[in-house]
Amino acid sequence: MKLYNTLTRKKEEFKRISDPVRMYVCGVTTYDEPHLGHALATVIFELLQSYLEYRGINVRRVQNFTDVDDKIIDRAAETGVGWYDLTQEHVGTFLEAMDGLNVRRADVHPRVTEEMEPIIELIGKLVESGAAYEAGGSVYYRVRRDEDYGKLSGRTIDHMDELARLEPDLLKENPEDFALWKAQKPGEPYWDSPWGPGRPGWHIECSAMARRYLGDQVDIHGGGLDLVFPHHENEVAQSESATSVVPFARYWVHNGLLRMAGDEKMSKSLGNVVTVRDALKSYSADAIRLWIFQSHYRSPATYDDENLAAAERAVRRLRQAANVTNVGAGAGDRYDANHVRQRFVEAMDDDLNTPRALAAIFDLTREIFTAQSNGVDIADGQGMLRELTGVLGLTLEEPQLGGDADVAEVEAMLAKRESARQERDFATADEIRDQLISMGIEISDTPQGTTWRRV
RNA sequence: GGCGACGUAGCCAAGUGGUCUAAGGCGGGGGUUUGCAAAACCUCUAUUCGGCGGUUCGAAUCCGCCCGUCGCCUCCA
């Protein structure tokens, strides 16, 4: 398959360098609930894993939690909650949200606070080799010593200086140097290190965790487009300096960012977020995933209730096709769905072109219904639909939300309605149907009898 | 200011030199089916791809300029 590589700025044929393929995905900073932007990123890399596996390639996926950092400390101070409690709470809200979206867990979800040894060891290596230096109990990375610094993001150091937007820090040799280790400030959490008490800088954690769980080189490194600079650029610098293995990541894959109406990026700092938890109150996991997959992962997506609602309606159609009774079962004619798999694979092989893959799936559903109306056996079509939507992580289960009428009651009402219909008392029949609708039950009369479902 | 992305039907969104008088979804119109619905099926819904030039036998697709929107430039998925 082909994957767009941020490092080379082009689509490249994906060739694994290891088995299983080693994938590292930048996770969240756990100071607040996850929002749909986090969901987008996580779902995309889960999809990449699932699709590679579908193609017979094993994948080991690691996604971290940044559970100690400035924002966590600040938020804890504001709210009076202990920083560690805050952080663990939001590890929990993240995992819950992802469960709600039917995202499979990564193979490893390391947390910075539990990775101090490998982090300190890696910083030590960098200090030893002269790539980094200690100053005032902190450790900084010597950016200027790196001749290829900027290769991922396409930035130059001189330009960074020009802007002088970098925090003046008297301890740094150069303003563009970044912290690997931050000396403890009063009241802040700290760990002991050869340079004194402190905590890791933001970027080093990922280098250390990727190295510990995946080795000195990874096949795929993923994250949001907003992480390219400085986070990933700095990871490249650190990891490659420390291990001399180049490139640190063979394929850099970045997802586009989610925006809000008004076209601004959804972000915690702008306060314009929709949490996953809130979204799941209104929309099914299948609908949210479908909405994500209806645009390409590298394009910016815009949050809009109308689009989510449209996705919810679209997903109902898929569910209907997957779950409809196969009236033509055992008929002489069988619908052959194999051509659809080919279209699906071609689309997905092209840098995970989910919109095109979905086009194939929606064509499949229409063909299933058409075959159904012609009395053709649709078992293979339904199997194919399950197979392909399964790769996309869609369950196609009828939602049990809305209407909590119990089954016996519904069945009793339907029986009453049926006898009214037999007597051609349509007024009564329609009245019962209206009642059911108001209870959140949708019914349909078919030649095989009346069926119902919750909506 | 630097780097980058984007602008396709009412909305969302693929397509990046001929097969495009442009996929798919949502919405809408008409028809079939139904006691009526719902669901489903059939059918119609962009001669046109932000604007203007250019290259080419041929451009939504390449080049130039312009207009508009967004992202990153040490908080960020």
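Naming convention: chains lettered A, B, ... in sequence-line order (proteins, then strands); numbering from 1 in each chain.
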Inset, instruction - Check every atom of B:C73, B:C36, B:A77 against the side chain of A:R433 and return the nucleotide holding the closest atom. - result: B:C36

Legend entry - Residue A:F426, side-chain atoms from C-beta onward, closest of B:G15, B:C12, B:G35: B:G35

Inset, instruction - Using a cut-off of strictly less than 4.0 Å between a heavy atom of the residue and any atom of RNA chain B, enumerate the qualifying residues of residues 333-343 of chain A by number. - result: none

Legend entry - Atom P, compared across B:C6 and B:G50: separation rounded to whole Å: 13 Å

Inset, instruction - For nucleotides B:C36 and B:U47, find the distance between their P atoms and express it as a whole number of Å. - result: 37 Å

Inset, instruction - Spell out yes or no: do the side chain of A:D69 and the base of B:C76 have one donor N/O and one acceptor N/O closer than 3.5 Å? - result: no

Legend entry - Proximal nucleotide (of B:C42, B:G24, B:A40) relative to the A:T370 side chain: B:C42

Inset, instruction - Could you check which of B:A77, B:A38, B:A40 has an atom nearest any side-chain atom of A:D226? - result: B:A77

Inset, instruction - Report which part of the nucleic acid A:H254 touches: base, sugar-phosphate, or nothing (heavy-atom distance under 4.0 Å, all strands). - result: nothing

Inset, instruction - Output the single nucleotide from B:A37, B:A14, B:G24 whose closest atom is nearest the side chain of A:S299. - result: B:A14

Legend entry - Output field: ring centroids A:F65/A:H109 closer than 6.0 Å: yes

Legend entry - Over all atoms of both residues, closest heavy-atom pair of A:H232 and A:C26: NE2-SG, 3.2 Å

Inset, instruction - Indicate whether any N or O donor in one side chain lies under 3.5 Å from an N or O acceptor in the other, for A:T428 and A:D425. - result: yes

Legend entry - Listed nucleotide nearest any side-chain atom of A:P230, set B:A37, B:U74, B:G24: B:U74

Inset, instruction - Walk me through it: do A:R319 and A:S284 pass the test side chain to side chain donor-acceptor pair (under 3.5 Å)? - result: CA-CA 12 Å; A:R319 287 189 188 121; A:S284 66; 3.0 Å; yes

Inset, instruction - Sticking with atom P, work out how far B:G27 lies from B:A38, rounded to a whole angstrom. - result: 13 Å

Inset, instruction - Taking only the side-chain heavy atoms of A:P355 (C-beta and beyond), determine which of B:G24, B:C36, B:A14 contains the nearest atom. - result: B:A14

Inset, instruction - Indicate, with a heavy-atom threshold strictly under 4.0 Å, whether A:D304 touches base, sugar-phosphate, or nothing. - result: nothing

Legend entry - Option passing salt bridge (Lys or Arg N to Asp or Glu O under 4.0 Å) with A:E176 (candidates A:R145, A:R144, A:R155): A:R144

Inset, instruction - On the 0 to 90° scale, with breaks at 30° and 60°, tag the A:W252-A:H254 ring pair as parallel, tilted or perpendicular. - result: parallel

Legend entry - Atom CZ of A:R277 with >12 non-hydrogen neighbours under 6.0 angstrom: no

For nucleotides 26-33 of chain B, tabulate all protein N/O to nucleotide N/O atom pairs closer than 3.5 Å, reporting atom names and distance.
unit_1, atom_1, unit_2, atom_2, d
B:C26, O3', A:R313, NE, 2.9
B:C26, O2', A:R313, NH2, 2.8
B:G27, OP1, A:R313, NE, 3.1

Legend entry - Nearest-nucleotide pick for A:R366, side chain only, options being B:A14, B:C42, B:A77: B:C42

Legend entry - P gap between B:C49 and B:C62, integer Å: 15 Å

Legend entry - Carboxylate-amine/guanidinium proximity below 4.0 Å for A:E418 and A:R421: yes

Legend entry - Heavy-atom pair of closest approach, residues A:Y4 and A:D351: N-OD1, 3.0 Å

Inset, instruction - State whether the distance check finds a donor on one side and an acceptor on the other, under 3.5 Å, for side chain A:R356 versus base B:A23. - result: no

Inset, instruction - List in numerical order all residues of residues 415-425 of chain A for which some heavy atom is under 4.0 Å away from an atom belonging to RNA chain B. - result: A:R417, A:R421, A:R424

Legend entry - Salt bridge flag under 4.0 Å for residues A:E173 and A:R142: yes

Inset, instruction - Mark yes when over 12 heavy atoms from residues, nucleotides or ligands other than A:E306 sit less than 6.0 Å from its CD; otherwise mark no. - result: no

Inset, instruction - Verify the contact: side-chain N or O of A:N307 to OP1 or OP2 of B:C11, cut-off strictly under 4.0 Å; return yes or no. - result: no

Legend entry - Stem regions touching RNA chain B, defined by at least 3 consecutive Watson-Crick or wobble G-U pairs below 3.5 angstrom: B:1-7 with B:67-73, B:10-12 with B:24-26, B:27-32 with B:40-45, B:50-54 with B:62-66

Legend entry - Rounded distance in Å between the C1' positions of B:C63 and B:C70: 24 Å

Legend entry - Sequence-distant partners of A:Y51, ring-ring contact (aromatic ring centres under 6.0 Å, His included), two or more places apart: none

Inset, instruction - Confirm from the modelled atom types if A:D430 and B:G35 form a donor-acceptor pair under 3.5 Å, side chain to base only. - result: yes

Legend entry - For A:F178, ring-ring contact (aromatic ring centres under 6.0 Å, His included) partners two or more places apart: A:Y141, A:H203

Inset, instruction - Consider the side chain of A:W202, meaning its heavy atoms from C-beta on, and name the nucleotide among B:G35, B:A37, B:C75 that approaches it most closely. - result: B:C75

Inset, instruction - Taking atom types as modelled, find out whether A:Q49 and A:R60 have a side-chain donor-acceptor pair closer than 3.5 angstrom. - result: no

Legend entry - A:R259 to A:Y303 six-membered ring, cation-pi geometry met (6.0 Å, 45°): no

